[in-house]
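These notes concern the structure reproduced below.
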Amino acid sequence: MSLGDIAGMIAALAFAYLVLRTGSVIGKAGQVLDEARSGVQGVSEQTVPLLSQVTDTVASTNEQIVRVDAITTNVATMSANVSALTSLFAATLGGPVVKVAAFSYGVRSAFGRRRGGGKHRKDG
């Protein structure tokens, strides 16, 4: 066995060690990729039902918004009707009610003057 044979044997052993270490690193990288694949698969399995629930929630929310819009429209209509009714009441009965109140005040004042001996009473 010559010095060249020993050097070749050392080089062969070093190469074999390098191949084993490289295989070990590749094996660990494979395990990491398997874990990443299973993690992505788990996220996918949980995301699909979650997206379905979000879609249902958004649809339900849209239905409620339509109902609230209808209620708001009805309240606005009722408000306009009450305003019109108030205006009608003021136009129809407001004038006569004011006249009756003024007349009754005048009658009370007249009776008050008679009782007070011709002096004008001041309320207050």
Side-chain angles (χ1 to χ4, degrees):
M1 197 174 229
S2 71
L3 193 57
D5 291 335
I6 293 174
M9 182 71 82
I10 290 174
L13 288 173
F15 184 73
Y17 177 75
L18 182 64
V19 168
L20 286 174
R21 291 298 290 172
T22 304
S24 172
V25 169
I26 291 174
K28 287 182 182 179
Q31 289 175 351
V32 168
L33 289 176
D34 287 341
E35 288 295 322
R37 183 180 52 84
S38 66
V40 168
Q41 184 179 6
V43 168
S44 296
E45 289 173 357
Q46 293 175 0
T47 302
V48 171
L50 183 63
L51 288 176
S52 175
Q53 290 175 356
V54 167
T55 302
D56 293 344
T57 302
V58 168
S60 175
T61 302
N62 285 339
E63 289 175 9
Q64 295 301 324
I65 288 173
V66 168
R67 289 180 184 164
V68 168
D69 188 40
I71 291 170
T72 304
T73 302
N74 290 339
V75 167
T77 303
M78 286 174 49
S79 176
N81 290 342
V82 166
S83 176
L85 186 61
T86 303
S87 297
L88 178 66
F89 177 78
T92 306
L93 298 177
V97 168
V98 170
K99 289 178 183 177
V100 167
F103 177 75
S104 67
Y105 177 75
V107 169
R108 282 185 292 155
S109 295
F111 280 126
R113 285 186 198 157
R114 291 188 107 184
R115 287 185 192 158
K119 294 181 184 175
H120 179 57
R121 266 181 37 181
K122 287 189 176 181
D123 293 332

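- V19 is linked by a side chain to side chain contact (heavy atoms under 4.5 Å, CB included) to F15, counting only residues two or more places apart in sequence or in another chain.
- One finds the CG atom of D56 at 10.5 Å from the OG1 atom of T61 (value rounded to the nearest 0.5 Å).
- Residue L20 places its CG atom among more than 12 non-hydrogen atoms of other residues, nucleotides or ligands, all under 6.0 Å distant.
- Cluster note: V58 groups with V54 through ILVMFWY side-chain heavy atoms spaced under 4.5 Å, whether in direct contact or through intervening members.
- Of the inter-residue distances, the one linking K28 atom NZ with Q31 atom CD reads 8.0 Å to the nearest 0.5 angstrom.
- Residues that satisfy the side chain to side chain contact (heavy atoms under 4.5 Å, CB included) test with I6, not counting sequence neighbours, are M1, I10.
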Give the table of side-chain donor-acceptor pairs shorter than 3.5 Å for residues 68-84, with sequence neighbours excluded, one pair per line with atom names and distance.
from : atom 1 : to  : atom 2 : distance (Å)
T72  : OG1    : V68 : O      : 2.8
T73  : OG1    : D69 : O      : 2.9
N74  : ND2    : A70 : O      : 3.4
T77  : OG1    : T73 : O      : 3.0
N81  : ND2    : T77 : O      : 3.4

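- For S60, the side chain to side chain contact (heavy atoms under 4.5 Å, CB included) test picks out no residue, with sequence neighbours left out.
- Residues satisfying the side chain to side chain contact (heavy atoms under 4.5 Å, CB included) test with R37, not counting sequence neighbours, are D34, Q41.
- To the nearest 0.5 Å, the span separating CD on Q53 from CG on L50 amounts to 6.0 Å.
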